[in-house]
2 protein chains.
Amino acid sequence: MIKNKKVSLADIAMALGVSKTLVSMVLNGKGDENGISKKTQERVMELAESMNYKPNQFARGLRMGRSNTIGLIVSDISNPFYSRLARSVEDAVSESGYNLMICSSDESEEKEMKLLEMLINKQVDGIILSSTLDSTEHIEGLQNENFPFVLIDRIYNDFETNTVVVDNKLGAYEAVDFIINNGHKKIAAFVISPAHISTQVDRLEGYKDALKKHSIPLNQYYQKVIPREEIYQTVCQILTEWKTDHMMPTAIFVANNQIAIGSLEAIRDLGLSIPKDISIVSFDDIDLFKLYSPPITSVIQPINSIARNAVEILLDNIKIKDNSDSLIKVHKCLQTNIVVRNSVLKLG
Amino acid sequence: MIKNKKVSLADIAMALGVSKTLVSMVLNGKGDENGISKKTQERVMELAESMNYKPNQFARGLRMGRSNTIGLIVSDISNPFYSRLARSVEDAVSESGYNLMICSSDESEEKEMKLLEMLINKQVDGIILSSTLDSTEHIEGLQNENFPFVLIDRIYNDFETNTVVVDNKLGAYEAVDFIINNGHKKIAAFVISPAHISTQVDRLEGYKDALKKHSIPLNQYYQKVIPREEIYQTVCQILTEWKTDHMMPTAIFVANNQIAIGSLEAIRDLGLSIPKDISIVSFDDIDLFKLYSPPITSVIQPINSIARNAVEILLDNIKIKDNSDSLIKVHKCLQTNIVVRNSVLKLG
DNA sequence: GTAAAAAACTAAACCGTTTTAGAAATTTTT
DNA sequence: AAAAATTTCTAAAACGGTTTAGTTTTTTAC
C-alpha cells in the first residue's frame, strides 16, 4: 500500500532521542565516516525502514542543488524513433538511480528554449538534447557554466561539446551506394524540413558522395526538402511533376521514417509500384518497413547504443562536475547498419 | 542565451531596497490584494524581468508542498499507442502550466509500485496511471489520502475512482460484428498477456457478445492469450496448429497493435494471404495498418480525447483538493471508431 | 588522578521560497 | 492637532533536509 504521508527526519530523531544530523548522516551512508556507533546506526536504519521514511526531495534538492533527475528533449515523443530512444534513455538513467523528464520541442525553436529553461529551472542535473535550432546560442550559456549536457542525434559541427551521433553521412552513403550498385542512375533524395538539421544535411551529403564516387552527375531537381507538415501532399506533387516532365527517377533515398511513411502512401496512391516503377531506401527502421509489401530496405540506427552512450557521458559529466574537475568533451559516432529487403529493383 | 545562474528573491529585494515578502507577493500576482502600490509593483516586475529571475522550484515546492508536475505511468512509452497518448498528455498539461514526468512500468507490478512511490516522493501533484496490476491495493492508499489520480486505459471494475477509458467492449463488438456481417462464422480472438488487464478482458467480452448475438457458438480453441514476450512465435504456433487440425478460422480479431504486428508477420511468413486465406481486424490504429497490403481494418481509439479528458479531470481534482472540498469521482467512457479497409473478405 | 586523544554525537546555519502577524507611513476624520 | 482608518510594507517563521563547527563523553596515556 502506497501512502502519501510524510515522516520527516525530525520524527525519527525525536523517536530515537538523537539529533537530525545523526539520522541524516546514517541514512546517507555516512555513519561510519562520522563515527556513529554501529548500534546507533542500526537503530536508525530499522526505525526509518519501519516508519517508511522517504526523504523530501524538495528539501534535499534545495540544500544540495540537485534533483537526481535528468531531462531529455526531443522533437516529438510520438515519433517512433524518439519514443524508442526515450525508452532506452529511461532504462539507462533509472539503472543509475536517476529519473527522467521527457519533453517534445515540436521542432519549435521557441518551445525548445522554453523547455531548456524549464528543465534548468527544475534543477535537472543534466540534459540530453536533440536540438531543433539552427544556432548554438541557446546552449552556449550552459556550456560556459559547465552545465552537464549531451547533444544527441542532431549536432553542430562548429560547436565543441559532448555529442552522440550516428554516422549519418556514411549511413546515407551506403544506402545510396547500394542503390547504385543495383544499376540505378537516376536517384532522388528526400530530406525533411527544416533542412539545416545536421542529420538531414549529413544524409544529403552522403547521398551526394555516393553519386560522386560513381561519377553520377548531381541534379538539384532530384534533391528535395519536404516540409514536415505536409509530407504526403508534397511527395504526391513532386512525383506527378517528375512524371509529366518525364524525369521520373528510378529510385529514391528517403532521409527519415516520417518522409518514408508519407512517400509510401503517395507512391501507392499514385498507382506506382515498388520496386518495379520506383525503388526506395529509407533511413530509420520502423516496424512498417519489414511488413510492407515489398519490405523496405532501410538504414538501422543503433538506438539503444545511442541512448546508453549519451547517458554514460552525461552521468560522467555530472560526477566530474561534483568534483569540480575540468570537463573533457567527448564525441561518439556510432555506425549504422543497412538491412536489405526488397524495395530496390536490380536494373540491367 | 540560457543561463544557469541563480538570481534569488533576496537579490531583487536587496537591489530595490524592499522586503522579500513584497517581491514574492508581486511576482505571484498578489500585489494588488496585498495593497502594494502600482509603482512598486512595476519596479519589481521590471527588475525581475531584467535580472531574468526564475523562482527556485525546490524552495517553492518545499514551502508549498507541490511541484507543478504531474506523473504519467504507462507500460511502455515506446509502444506507439502510449507514445501518442503521452504526447497528447504532455500538450494538455503544458497548456495549464504543468510539466510531465513519463514513466514505463514495463508490465511489471514491482516496477509500477516503485514508480508510484517515486512520483509521490517527488511530490507530483497528480498521477495519470495505466495500471498493470491485478489488484487495487497499491492505489487504495492514494485514494484514502485524497491524492489526485486518474486511471486511464486500464481500469478496475470494482474500484470507484476517476477513470477515462474507451468502450472496449463495444469497440470489439463492432469489430467482430463487422466480421460476422461479412459472412464469417469461424472467428478467432487474440488478446495479449497478462489477460487480467481490463482492456483485454473487455475486448474479449465484446468478441463473445458479438458471436452470441449472431448465435455463433463460442469456442475456447479460438480464444487465445498471446504472451507479450513472444507474440510472433506463439501466433505461428497457433496458426500451424489450426492448420494441421483443419480448424483454421476464416477471420481473427486481434486485441491490440502489438499482437497485430506479430500476427501480420506470422501470417505472411506462413504463406497465408489476407484476406483470402484469413481475414483480420485489429484494435488500435497505427500507421502500419493503412499502408499494409491489404490495408487493415481497425478500431481507432480517440487518443487525444482520452488524454485531454484525463488531464482535465486530474487538474480539476488538484484544484478541488487545494480548496479541500470533497472529491467526486468521475468516469469518462469514450467511443471508438471502426475504420473499414480491406482486410476482411466478403464471404458467400 | 589528571591531561590528552579519540569516539560519539549535536546545535545551528543554510538553501530560497511563501505566509503570518504586525509595523510604519500616510491619509482621513473629528 | 490628535485619533482613527487606511495604505503600504516587513520581520520572522516555516518547509525538511545537509553541512559546518563544534561539544560532550569515553578511553587512553602518564
Side-chain angles (χ1 to χ4, degrees), chain A residues 4-45 47-48 51-69 120-123 125 322 324, chain B residues 4-45 47-48 51-69 120-123 125 322 324:
Chain A
N4 189 23
K5 229 182 326 171
K6 307 136 208 229
V7 177
S8 76
L9 266 194
D11 295 337
I12 299 181
M14 179 87 74
L16 248 35
V18 297
S19 69
K20 287 194 302 173
T21 310
L22 187 150
V23 178
S24 170
M25 284 168 168
V26 171
L27 294 179
N28 286 307
K30 298 181 180 170
D32 286 339
E33 73 189 64
N34 286 95
I36 312 296
S37 72
K38 290 286 175 211
K39 190 163 289 181
T40 308
Q41 292 202 37
E42 243 173 55
R43 288 200 305 146
V44 171
M45 302 280 227
L47 189 60
M51 291 177 85
N52 192 29
Y53 169 75
K54 305 278 181 219
N56 180 313
Q57 298 302 315
F58 290 143
R60 191 170 239 253
L62 177 58
R63 181 63 230 238
M64 310 217 295
R66 50 197 196 74
S67 56
N68 266 311
T69 300
I120 299 289
N121 197 227
K122 278 223 159 7
Q123 316 242 27
D125 301 334
D322 285 350
S324 71
Chain B
N4 188 22
K5 232 185 320 174
K6 308 136 210 231
V7 176
S8 76
L9 267 193
D11 296 335
I12 299 180
M14 178 88 74
L16 248 37
V18 298
S19 70
K20 291 191 299 174
T21 309
L22 186 150
V23 178
S24 171
M25 284 168 166
V26 172
L27 294 180
N28 285 307
K30 297 181 180 170
D32 285 339
E33 74 190 63
N34 285 95
I36 311 297
S37 72
K38 290 285 175 211
K39 190 163 290 181
T40 309
Q41 292 203 38
E42 242 172 56
R43 287 200 307 146
V44 170
M45 301 281 226
L47 189 60
M51 290 177 86
N52 192 31
Y53 169 76
K54 304 280 179 215
N56 180 314
Q57 297 302 314
F58 289 143
R60 190 173 242 251
L62 176 58
R63 181 62 230 234
M64 311 217 294
R66 51 196 194 75
S67 57
N68 266 309
T69 300
I120 300 289
N121 196 226
K122 278 222 155 38
Q123 316 242 28
D125 301 335
D322 285 351
S324 71

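Considering only side-chain N and O atoms, A:S19 lies under 4.0 angstrom from the phosphate OP1 or OP2 of C:dT10. Of the side-chain N and O atoms in A:K30, none sit less than 4.0 angstrom from OP1 or OP2 of D:dT18. Taking only side-chain nitrogens and oxygens, B:R60 never comes nearer than 4.0 Å to OP1 or OP2 of C:dG16. For the OP1/OP2 pair of D:dT18 and a distance below 4.0 Å, the side-chain nitrogens and oxygens of A:N28 include at least one atom meeting the criterion. OP1 or OP2 of D:dG17 has at least one side-chain nitrogen or oxygen of A:Y53 nearer than 4.0 Å. Taking side-chain N and O atoms only, B:N56 has no distance below 4.0 Å to OP1 or OP2 of C:dC15.
Proximity of a side-chain donor or acceptor of A:E33 to a complementary backbone N or O of A:G31 within less than 3.5 Å is not detected. Judged by distance alone, the side chain of A:K122 and the main-chain N or O of B:S67 form a donor-acceptor pair under 3.5 Å. A:N56 places a side-chain N or O within 3.5 Å of a backbone atom of A:F58 that can act as its donor or acceptor partner.
Note: CG (A:L9) to P (C:dC14) measures 19 Å, nearest angstrom. Distance B:L22 CG to C:dA25 C1': 14 Å, rounded to the nearest Å. For the pair B:K6 NZ and C:dC15 C1', the interatomic distance rounds to 10 Å; values are reported in whole Å. Counting to the nearest Å, the P atom of C:dG22 and the CG atom of B:N34 are 16 Å from each other. Atoms CZ (A:R66) and C1' (D:dT18) sit 11 Å apart, rounded to a whole Å. Atom CG in A:L62 sits roughly 11 Å away from atom P in D:dT18 (whole-Å rounding). Here the C1' atom of nucleotide D:dA12 and the CE atom of B:M25 are 13 Å apart, to the nearest Å. The distance from atom NZ of B:K38 to atom C1' of D:dC9 is 16 Å, rounded to the nearest whole Å.
Ranked by how close their nearest DNA chain D nucleotide is to the 5' end, A:S8 and B:I36 are led by B:I36. Where B:P55 and A:V18 each meet DNA chain C at their nearest nucleotide, the meeting point lying more 5' is that of A:V18. Each of B:M64 and B:R43 lies near DNA chain D, and the nucleotide nearest B:R43 is the one positioned closer to the 5' end.
The residue A:G31 sits apart from the nucleic acid: no heavy atom pair falls under 4.0 Å.
Side-chain N/O atoms of A:K20 and base N/O atoms of D:dG17 include a donor-acceptor pair closer than 3.5 Å. For A:T21 against C:dA11, a side-chain N or O and a base N or O form a donor-acceptor pair under 3.5 Å. For C:dT17, the base has no donor-acceptor partner in the side chain of B:R63 [N/O atoms by modelled type, under 3.5 angstrom].
Proximity note for B:S24 (side chain, C-beta onward) versus C:dA8, D:dG17, C:dT19: the nearest is C:dT19. For B:A59, the side-chain atoms get nearest to C:dG16 when compared with the rest of C:dG16, C:dT18, D:dT18.
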Exercise. Could you please spell out the steps behind the side chain to side chain contact (heavy atoms under 4.5 Å, CB included) verdict for A:N52 and A:V7?
Key: CA-CA 7 Å; A:N52 192 29; A:V7 177; 5.9 Å; no

Quiz prompt | Criterion side chain to side chain donor-acceptor pair (under 3.5 Å) on B:Q41 and B:D32, from CA distance to verdict | solution = CA-CA 9 Å; B:Q41 292 203 38; B:D32 285 339; 2.9 Å; yes

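When the shell of 6.0 Å around CE of A:M64 is examined, it contains more than 12 heavy atoms from other residues, nucleotides or ligands.
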